[in-house]
Amino acid sequence: MQERIEALLKEERVFYPSEEFKRQAHIKSEEEYERLYRESLEDPEGFWGRVASELHWFEPPKKVLEGDLPHPKWFVGGRLNLSYNALDRHVQTWRRNKAALIWEGEPGEERVLTYYDLWREVQRFANVLKRLGVRKGDRVTIYLPMIPEAVIAMLATVRIGAVHSVVFGGFSASALAERIKDAEAKVLITADGGYRRGGIVPLKQNADEALQDAPSVQHVVVVRRTGEEVPMLPGRDHWWHELMEAASDRCEAEPMEAEEPLFILYTSGSTGKPKGVLHTTGGYGVYTYYTTKLIFDLKDEDVYWCTADVGWITGHSYIVYGPLMNGATVVMYEGAPNWPEPDRFWRIVDKYGVTILYTAPTAIRSFMKWGEQWPLKHRLDSLRLLGSVGEPINPEAWLWYYRVIGKGRCPIVDTWWQTETGGIMITTLPGVHPMKPGHAGKPFFGVKPEILDAEGKPVQNPEEGGHLVIERPWPSMLRTVWGDPDRFIKQYFSQHPGKYFTGDGAKRDADGYYMILGRVDDVLNVAGHRLGTMELESALVAHPAVAEAAVVGRPDPIKGEAIVAFVTLKEGFAPSDALKDELKAHVAKLIGPIARPDEVRFTDALPKTRSGKIMRRLLRQIAAGEQEIKGDTSTLEDQRVVEKLKEGA
Ligand code: PRX
């Protein structure tokens, strides 16, 4: 971490968008940005009311903003449906036969759905859900690979006013069960399997295992993707294609109150159990629509590709809702970036003439490792804008992305945001702001960030850094933690009362540019995936051999952070390499392959304070291989533990 921060601090180059890009951009100058930004804070109602009027409302809002943090209400009295805004609005125009989704499967198949196709498929599936007994407000869990059915299922769910909870296909059976139970989902949508790096992910098998422990689910809809033989439980399990055949392709969109729930998405926090972040219809819709339009400078001619999975917030906001509400052509790819070879992404950019590419630093660093020869094999001149999301991007990766992929022509937007924020909060605007590698940039309209010290006062010198908070309500903020309103307040509004605490550290330079320094809580960011240390620790102690576990992150050149687990064993168990492997496999089984520890270290004892708190700060330094332990260790209960831990490396 220290090394990374030092490298960031040394990078002083500034890059400017070209005159050509500026001329055609939605927002063209710093003056325009400053004027609109000022207006968005001085008159949020006027500002967001105007943006909202670009969408379709069955009933226009009576009041744009009511109340304040932590419980603001947006677009009060307004009624809308995001499936209507993503589809019906476009099929009434020349976009009817415009490509909405261009999908490519990992084995190479291709499917194009126009807005008209997608509109009909969504209505059909909306009728299927109704027939299975799904009503407004009911929860539907979606556990699918990256196939068009995932988008269809999401939009069909919200079309009838139900609430989706998408669970990333890389999560395990028990992680799926936990999420289904928490949401009390009535219906589960899954597939026989999905393709990943040439192999098959056994989704239906995981689903069956999960359902043994998740009794709320009455019906399972199974998409045939791989054609593998899977058991189908009569009465409970149904084939997607059979239900669709029988369904009508007309289903009116349900007018939803702006503050009615849209979806739940689970994310890791600093405590053991994942949190169900709840987003609502109006605010989320308006904000994702508008950020997509301005930050990606989206035009009708664009071919837009976000490489995230729909199982994460990036997929929700910037594959599905934002781009489709803008009437964009969206590329969707099912598989791994290096399958069958490390040029798959560049092949796709070349093949479909992608103009906007939005991906993660961890992917960029992998491409750097695989070598320039792979992108150089393909024509990338259709690209005009690049985006980065999910973790801090180190200047080396930024520069490589800019030079090798963007050929020095394409602005890069480094977009900072979170599952909880719903949409992008800090970034440069591509036709406006000079870019500084390593700095996300400026707040988007309506966003008022601040950097606070531990006491909650704005830091004297923002260059030194502190806690990143948001001081004003913004339309797409989470409204609560599903089923746990106390946790919502405790988690986000208690550290700095009245302000939203992001859990990130940040600093701000003299030009007002924010640099994100990473999490300041017990949350890891591994290859752009968010994982709670407590969640990993409880998975470890669930193994019969483990007495205690402490998990920390270690800087990793590709993944950003790697997972290191310090483990003490119960009486009767001896440390061995076989046991290390078993524990890694055990965590992968309980949570999913993304959570597999990179390293397990056995130790006799963990460093604790006299009050029994594990000193993770020390473990982080030991995991990073630092010889000198910095900082105060006087509260350590047993001073010898640290020396022993270092020896055990
Ligand atoms: O630490 C920040 C990091 O990812 C966290 C949010 O993770 P998640 O809710 O999974 O959403 C990821 C996609 C929006 C943040 O608290 N993060 C996200 N984007 C950036 C980032 N860190 C630095 N720079 C970014 N651009």
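Quick note: numbers below take in every heavy atom, side chains included, and nothing from hydrogens, waters or symmetry partners. In listed order, ligands and their atoms are each counted from 1.
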Answer with yes or no whether the side chains of Ser317 and Tyr284 bring together a donor and an acceptor at under 3.5 Å.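 Ser317 and Tyr284 do have a side-chain donor-acceptor pair below 3.5 Å.
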Is it the case that the ring center of [Y] lies less than 6.0 angstrom away from the ring center of [X]?
X: His529; Y: Phe171; result: no
X: Phe367; Y: Tyr401; result: no
X: Tyr500; Y: Trp474; result: yes

Please report whether ligand 1 has a polar contact with [X], defined as an N or O pair separated by less than 3.5 Å (distance criterion only).
X: Arg519; result: yes
X: Gly390; result: yes
X: Asp414; result: yes
X: Ser388; result: no

Between Glu450 and Arg508, is there a side-chain N and carboxylate O pair less than 4.0 Å apart?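 Yes, Glu450 and Arg508 are salt-bridged.
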Is the shortest distance from a Lys or Arg side-chain nitrogen in Arg530 or Glu535 to a carboxylate oxygen in the other one below 4.0 Å?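 Looking at Arg530 and Glu535, the cut-off is not met.
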Taking the minimum heavy-atom distance to atom 9 (O) of ligand 1, which of Ile313, Val389, Thr419, Thr415 ranks first?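 The residue whose heavy atom sits nearest atom 9 (O) of ligand 1 is Thr419.
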Heavy-atom contacts with Trp417 under 4.0 Å: which atoms of ligand 1 show up? List them by number with element.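 Numbered from 1, ligand 1 contributes 6 (C), 14 (C), 15 (C), 18 (C), 19 (N).
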Considering only heavy atoms of Arg530, which atoms of ligand 1 have at least one such atom less than 4.0 Å away?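 Close to Arg530: 6 (C), 7 (O), 8 (P), 9 (O), 10 (O).
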Specify side chain, backbone, both or neither for Asn525, according to which of its non-hydrogen atoms lie closer than 4.0 Å to ligand 1.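 Side chain only.
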Once you restrict to heavy atoms under 4.0 Å, what part of Gln418 touches ligand 1? Side chain, backbone, both or neither.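 Within the 4.0 Å criterion, Gln418 contacts ligand 1 through backbone and side-chain atoms alike.
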What residue and heavy atom of the protein are closest to [atom], and at what distance?
atom: atom 2 (C) of ligand 1; value: Asp504 OD2, 3.1 Å
atom: atom 23 (C) of ligand 1; value: Pro392 N, 3.1 Å
atom: atom 13 (C) of ligand 1; value: Thr314 OG1, 3.4 Å

Measure the OH-CH2 distance between Tyr514 and Trp416 for me, rounded to the nearest 0.5 Å.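 CH2 of Trp416 is found 10.0 Å from OH of Tyr514.
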What orientation do Phe488 and His71 show, parallel under 30°, tilted 30 to 60°, or perpendicular over 60°?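 Rings of Phe488 and His71: tilted, as their planes differ by 30° to 60°.
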